Amino acid sequence: MQELLDRKKGLHRTVLIVDDEAVEREILGAMLNDQYEVIFAANGLTALDIIKNEKNRLSLILLDLHMPELDGYSLLKILRSNGELWRIPVIVLTSEKGAEVKSLQLGAADFISKPYEAPDVIRARVEHSIELAEDKIIILEMERDGLTGLFNKDFFFEYARRLDNQNNNMLMDAIVLDVNRFHIINELYGRAYGDSLLKKIGSSIHELVCQTGGLACRSSSNSFGLYVPHIEKPKEQIPQFISMIEENLDDRKISIRIGIYSDDGSKVDMEQRFERAGLVCRKIKNSYSTCFEIYNDELHCKELHSERLINDMDKALAEKQFKVFYQPKYNICGDKPVLKSVEALVRWFHPEYGVIPPNEFITLFEDNGLIRLLDVYVWNEAANQIKQWKNEGFDIPVSVNVSRVDIFNPRLSEILIDIIEKNGIESKSLLLEITESAYSDNAQQIINAVMILRERGFKIEMDDFGSGYSSLNMLCSLPIDALKLDMEFIRTICTKKKDYRLVGIMIEIARLLEVPVIAEGVETKEQLNLLKILGCDIIQGYYFSKPLPADEMTSLIKSEARSD
Ligand code: C2E
Ligand code: CA
Ligand code: CA
């Protein structure tokens with residue numbers, strides 16, 4: 001490309017004049033040698049040798065049609081069908097009537113009639129052809145990805161749209177293709193190896209779109225887009241295509257996954273079709289059992305529902321459609337369980353959908369960051385509740401959930417301090433639950449955030465302990481104040497011996513860390529008894545109470561206080 005840009009600036013442009021008549025060669029050469037470096041060939045065969053050797057240097061070929069050995073037409077045909085030589089423009093030199101049309105059809109850029117016209121005209125034609133060809137190459141290189149030769153994303157979308165306009169009723173499928181765990185391959189085996197894999201994938205894709213028609217691009221480092229005529233039997237054809245690519249790669253560590261948006265004629269916007277294909281492709285990320293997924297109506301409904309929830313969120317906050325429920329936690333260390341604290345759990349009272357449980361919207365809001373707003377809302381409500389109970393003479397700490405997204409907010413501790421100060425409560429009354437998997441996602445960042453929060457007097461509970469992959473080593477250095485066992489283990493503690501043992505081990509770990517253990521999801525007396533035997537300190541679950549609206553929780557607190 002740089003070479004081409006230099007040439008464009010007027011440097012080093014070389015033209016080749018091919019003519020068996022020495023006089024003709026010299027006349028033309030004399031017209032051009034002020035501006036160009038001119039080289040000559042006296043027949044087609046010599047010319048072909050020169051062109052092959054000098055392909056990167058040649059800006060233009062001036063080609064006589066009638067020559068011995070290899071004539072101009074034949075040479076032109078060879079050049080146009082050669083993957084490397086087709087870029088060099090050719091101007092045909094002819095005295096023959098009718099030869100112009102045939103030459104242009106064979107791919108000549110222009111023609112010059114013999115005997116030669118005024119030098120100025122010839123020079124202008126030469127320059128024009130060179131400029132055109134160079135501009136074409138620059139555009140071609142811009143629209144292509146340098147590594148794979150496939151289109152770049154922006155040009156791809158533009159050409160896909162044009163394709164749609166040209167064949168307006170043809171069904172076209174959008175496909176997103178991705179390489180599983182590509183960054184690990186890159187890290188383990190080096191970039192050069194990663195690049196060589198991408199190149200191979202690119203050429204398999206290129207081959208496919210050449211066969212089926214359509215277009216393809218490399219849309220990001222390891223992901224590709226294909227826009228191809230509708231695939232009638234994707235369940236048969238896509239696995240075949242994937243095997244073809246994987247065989248070409250010849251590396252069993254590498255697996256490909258594909259998401260398809262199958263065109264049903266509903267004229268969905270181009271970008272959206274690829275977004276949907278990308279969505280299903282992400283869904284099967286790193287799956288060992290599934291290598292492709294087709295976007296379908298169920299997903300579509302889910303997507304619409306999610307979109308609706310996201311749209312409704314602002315209004316819901318303003319109208320206080322989110323209600324905080326409270327579930328009691330009982331200390332079971334003594335003879336009689338004692339209500340010690342509660343967990344704040346949010347519910348959405350949607351005007352149309354009714355009560356929506358948090359599992360339906362928390363991850364959704366985590367994906368787009370909206371969770372921060374909701375969490376601040378819940379923390380405020382919880383702090384206000386602590387104050388109200390305090391005013392009525394009850395000291396009940398409330399634990400709130402802190403999403404993994406909140407951890408990345410550098411103002412997290414300020415926000416929390418602001419909330420407790422506003423409500424005149426102490427930081428030790430607002431317990432913070434952070435899920436274990438957040439710790440394994442980004443250990444150092446979370447440790448830093450948690451240390452700051454603890455310095456400010458907040459107590460941290462590690463939620464869903466056992467569901468993540470914390471190493472024992474990491475656990476020992478973690479600044480936490482309680483471990484909350486993942487509910488899954490409690491569910492099967494009475495039926496699966498393995499889970500019973502695991503809970504025992506986790507309680508041992510808590511002892512080692514000198515923090516209390518909370519078991520949640522406790523529904524039966526048997527579960528409670530087993531946990532008590534194992535040495536669990538605090539119990540939360542339907543056995544004692546479901547999460548309750550604030551007023552019912554207040555009644556429960558009062559009745560517990562009376563029975564003391
Ligand atoms: P979590 O923090 O692990 O909360 C415990 C979940 O278990 C709650 O579900 C609770 O209602 C349920 N549960 C309690 N006892 C039992 C029981 O005995 N049996 C069974 N089967 N379930 C029990 P919920 O309220 O649906 O909340 C689900 C998850 O949503 C929570 O899991 C938490 O991760 C998240 N969440 C809830 N509220 C908030 C919030 O305000 N902010 C954030 N970031 N996440 C929240
Ligand atoms: Ca929790
Ligand atoms: Ca939990």
Side-chain angles (χ1 to χ4, degrees), residues 309 313 316-317 320-330 337 341-349 355-385 397-409 412 415-416 419 430-439 446 459-468 480-494 503 506 517-528 531 536 538-550 552-553:
L309 294 186
M313 156 116 179
L317 276 177
K320 294 198 157 229
Q321 289 171 15
F322 292 103
K323 302 270 180 247
V324 180
F325 277 44
Y326 298 91
Q327 187 177 33
K329 297 181 187 175
Y330 284 83
S341 64
V342 299
E343 177 175 7
L345 293 157
V346 70
R347 273 99 185 87
W348 185 349
F349 286 71
V355 185
I356 311 176
N359 287 337
E360 265 182 51
F361 54 85
I362 296 289
T363 12
L364 189 66
F365 291 168
E366 278 181 338
D367 285 346
N368 56 24
L370 283 176
I371 190 71
R372 282 192 186 184
L373 298 177
L374 178 63
D375 276 346
V376 169
Y377 173 88
V378 173
W379 303 339
N380 264 307
E381 291 289 296
N384 187 266
Q385 191 59 59
V398 175
S399 59
V400 292
N401 289 286
V402 176
S403 156
R404 66 188 72 232
V405 179
D406 298 315
I407 305 295
F408 293 98
N409 186 351
L412 178 62
I415 292 171
L416 285 162
I419 290 174
L430 195 66
L431 312 173
L432 308 177
E433 293 192 9
I434 303 176
T435 183
E436 185 198 2
S437 58
Y439 284 84
I446 210 159
K459 296 260 180 276
I460 313 293
E461 299 183 348
M462 187 193 258
D463 204 355
D464 312 319
F465 180 59
S467 67
I480 45 166
D481 302 285
L483 277 187
K484 205 169 173 186
L485 305 181
D486 186 35
M487 226 158 34
E488 272 305 296
F489 298 108
I490 311 302
R491 215 165 47 81
T492 45
I493 191 173
C494 298
V503 170
M506 290 191 277
V517 185
I518 306 162
E520 67 179 327
V522 178
E523 297 182 355
T524 65
K525 181 95 184 151
E526 290 77 28
Q527 289 170 330
L528 176 79
L531 287 160
C536 179
I538 297 162
I539 298 284
Q540 176 185 349
Y542 296 170
Y543 175 74
F544 286 117
S545 166
K546 290 201 163 183
L548 302 170
E552 287 179 39
M553 191 65 227

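For the single chain, residues carry numbers from 1 onward in sequence order. Whatever order the structure lists ligands and atoms in, that order sets their numbers, starting from 1. Model, not experiment: these values are computed from the prediction.
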Undergrad: Check whether any N, O or S atom of Glu461, backbone or side chain, sits closer than 3.0 Å to the Ca ion (ligand 2).
TA: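 Given the 3.0 Å cut-off, Glu461 does not count as a ligand of the Ca ion (ligand 2).
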Undergrad: Output a table of donor-acceptor pairs, distance under 3.5 Å, between side-chain atoms of residues 539-548 and any protein atom two or more places apart or on a different chain; print 'none' if there are none.
TA:
| from | atom 1 | to | atom 2 | distance (Å) |
| --- | --- | --- | --- | --- |
| Gln540 | OE1 | Lys484 | NZ | 2.9 |
| Gln540 | NE2 | Gln327 | OE1 | 2.7 |
| Gln540 | NE2 | Glu343 | OE1 | 2.8 |

Undergrad: From the N, O or S atoms in Glu343, identify the one nearest to the Ca ion (ligand 2).
TA: OE2
Undergrad: Calculate, to the nearest 0.5 Å, the distance between atoms CG and CD1 belonging to Leu431 and Ile518 respectively.
TA: 8.0 Å
Undergrad: Let me know which protein residues bring a heavy atom to under 4.0 Å of ligand 1; chain then number is fine for ordering.
TA: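 Ligand 1 pocket, heavy atoms under 4.0 Å: Gln327, Glu343, Leu345, Val346, Arg347, Pro358, Asn359, Ile362, Ile371, Asp375, Val378, Asn401, Ser403, Asp463, Asp464, Met487, Glu520, Gly521, Val522, Glu523, Gly541, Tyr542, Pro547.
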Undergrad: Please name the residue in the list Asp463, Asp464, Asp486 that meets the side chain to side chain donor-acceptor pair (under 3.5 Å) test with Thr435.
TA: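 Going through Asp463, Asp464, Asp486 one by one, the side chain to side chain donor-acceptor pair (under 3.5 Å) with Thr435 is satisfied by Asp464 alone.
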Undergrad: Not counting sequence neighbours, which residues clear salt bridge (charged side-chain N to carboxylate O under 4.0 Å, His left out) with Lys525? List them please.
TA: none
Undergrad: Just to be sure I understand the site: which N, O or S atoms from the protein are less than 3.0 Å away from the Ca ion (ligand 3)?
TA: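 Checking every protein N, O and S atom gives Asp463 OD1, Asp464 OD1, Glu520 OE2.
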Undergrad: Treating Glu552 as the side-chain partner and Pro549 as the backbone partner, does any N or O pair qualify as donor plus acceptor under 3.5 Å?
TA: no
Undergrad: Report whether any nitrogen, oxygen or sulfur of Asn401 sits less than 3.0 Å from the Ca ion (ligand 2) (N, O or S, backbone or side chain).
TA: yes
Undergrad: Any chance you could lay out the side chain to side chain contact (heavy atoms under 4.5 Å, CB included) test for Met506 and Val517, step after step, and finish with the verdict?
TA: CA-CA 9 Å; Met506 290 191 277; Val517 185; over 6 Å; no
Undergrad: Answer yes or no: is there a side-chain heavy-atom contact under 4.5 Å between Trp379 and Val402?
TA: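 Yes - at least one pair of side-chain heavy atoms lies under 4.5 Å apart.
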Undergrad: Can you tell me if Glu436 uses its side chain to pair, donor with acceptor, with the backbone of Gly466 under 3.5 Å?
TA: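 Present.
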Undergrad: Do Ile362 and Ile371 make a side-chain contact, defined as non-hydrogen atoms from C-beta onward lying under 4.5 Å apart?
TA: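 A side-chain contact exists here, since the closest heavy-atom pair is under 4.5 Å.
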Undergrad: Give a yes or no on whether the backbone of Phe322 and the side-chain of Tyr377 come within a donor-acceptor separation of less than 3.5 Å.
TA: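 Such a contact is found between Tyr377 side chain and Phe322 backbone.
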Undergrad: Would you say that Phe365 contacts Val405 through its side chain, given a criterion of any heavy-atom pair below 4.5 Å between the two side chains?
TA: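 Contact flag for Phe365/Val405 side chains = no.
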